[in-house]
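Note: hydrogens, waters and symmetry copies are ignored here, and every other heavy atom, side chains too, is used. Counting begins at 1 with the first residue of the sequence. We count ligands from 1, going down the list as the structure has it; atoms in each ligand are counted the same way.
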Amino acid sequence: MAASRVRTPVCVLGLGLIGGSVLRAAAAADRVAFGYNRSADGVNAAIADGFDATTDLESALIRAAQTGALIVIAVPVPALAMLLGHIARLAPECPLTDVTSVKGAVLEQVTAAGLRARFVGGHPMAGTAHSGWPAGHADLFRGAPWVISVDEHVDPMVFAAVLDLILDCGSVAVPACSDEHDAAAAAISHLPHLLAEALAVTAADVPLAFALAAGSFRDGTRVAGTAPELVRAMCEANAPQLLPSLERSIKLLTAARDSLTAANSVAELVNHGHAARTRYDNFPRSEIVTVVIGERDWRRDLAAAGRAGGVIRSALPVRDSR
Ligand code: NAD
């Protein structure tokens, strides 16, 4: 049985809010951590803050290949194909992960680029409405759930390396299959973005509304402050899973409108909503400690544990099956 904590160097591609925070957290955990960013502004800001960054993608990837670094893709979905092409050419053997808010569409592109064997997808469930290097910080992920993919193809050693980074970032890892992640992300992340946009637009049409707006409006529209291109990228890349969630919400709101019109009551929606929120507040969170990475059925066992509310808080033992 191999030791599960491997101090793999980290190469972050895209030094925005999420990638910039990963780079800071990896460096704070005493890893060799370096990054690429397309814009010189981001790179200059990172260097000024004492980090190792470049606008030269090729040199970053050659260095990753030479050091066996874990490559973290931290760009929006539309920029993936370009990066994957360069990774396939210059660093195809490096372990590879991402932070993208959709997992199925990314896995398809990774597979098309011939990189699936070294890929374990990820999605930190943390963020702010701000973008770019200045918005990031080393503690962004502290205490937050970070989804780690346990699809059938997932390699034990790559999984262990990605898990190690997640734990170094202070997150708890939630194992999940890509399709289950996308259905859940549609409901708890992408749908809230659309509802927040609709809420903001609705209030903007009402005179005096912004003058009176306080906590409810601020909380309900917080994510509408996210850069539109990022919201579009995540919602549109997850359309097959988002559509049923959106449909369900529209039906609930339509029924509430009809009931308000006919009987002056929103009781059904409010009661069900309150009960669902209470279930969420009491949702059990257990720690996954018994699974050995690489043993028979380990991916299936982790997916089942994640579904039941299990999280990984510290490194799991690894059996190298290669
Ligand atoms: P950001 O705008 O802060 O950073 C995006 C980064 O991608 C920047 O470094 C930018 O230079 C780079 N980029 C954009 N287009 C590019 C291109 N064509 N070629 C090369 N680089 C390009 O955004 P972010 O919030 O850090 O989002 C990055 C990823 O993280 C996205 O995939 C997003 O889905 C995911 N994510 C975001 C949040 C959030 O709350 N913002 C949370 C979890 C995951």
Side-chain angles (χ1 to χ4, degrees), residues 11-25 34-47 49 51 53-58 60-61 71-87 96-107 109-110 119 121-149 162 165-166 169 171 173-174 176 178 181-182 184-186 188-190 192-193 196 222-239 241-242:
C11 169
V12 184
L13 305 180
L15 300 178
L17 168 69
I18 300 296
S21 298
V22 172
L23 186 75
R24 289 172 174 98
F34 54 99
Y36 149 82
N37 197 62
R38 183 180 52 165
S39 79
D41 280 357
V43 166
N44 291 338
I47 291 172
D49 286 344
F51 294 90
T54 177
T55 52
D56 184 347
L57 178 58
E58 292 214 350
L61 289 175
I71 297 175
V72 182
I73 302 176
V75 297
V77 174
L80 267 178
M82 178 280 288
L83 283 186
L84 290 170
H86 287 284
I87 296 167
L96 180 64
T97 187
D98 75 319
V99 296
T100 318
S101 59
V102 290
K103 300 273 55 82
V106 172
L107 184 57
Q109 290 201 41
V110 166
F119 177 71
H123 179 204
M125 308 300 293
T128 71
H130 303 287
S131 302
W133 171 268
H137 58 93
D139 289 329
L140 182 70
F141 310 111
R142 197 151 292 284
W146 187 318
V147 174
I148 180 167
S149 295
V162 175
L165 176 65
I166 293 172
C169 289
S171 284
V174 179
S178 289
H181 163 277
D182 286 354
I188 56 94
S189 174
H190 307 152
H193 272 282
R222 181 182 63 79
V223 292
T226 308
E229 59 274 19
L230 277 181
V231 178
R232 284 193 55 192
M234 59 184 149
C235 291
E236 291 168 7
N238 199 25
Q241 302 285 2
L242 177 54

Residue of the set Leu13, Leu165, Asp98 for which side chain to side chain contact (heavy atoms under 4.5 Å, CB included) holds with Val72: Leu165

Between NE2 on residue His123 and CD1 on residue Ile148, distance to nearest 0.5 Å: 14.0 Å

Ser171 (side chain) donor-acceptor with Phe141 (main chain) under 3.5 angstrom: yes

Backbone N/O of Asp182 and side chain of Asn238: donor-acceptor pair under 3.5 Å: yes

Side chain proximity check, Trp133 to Arg24, heavy atoms < 4.5 angstrom: yes

Neighbour list for ligand 1 [protein residues, heavy atom under 4.0 Å]: Gly14, Leu15, Gly16, Leu17, Ile18, Tyr36, Asn37, Arg38, Ala74, Val75, Pro76, Ala79, Met82, Val99, Thr100, Ser101, His123, Pro124, Ala126, Gly127, Thr128, Ser131, Gly132, Leu230

Summary of salt bridge (Lys or Arg N to Asp or Glu O under 4.0 Å) pairs that have at least one residue in residues 129-145, sequence neighbours excluded: Asp139-Arg142

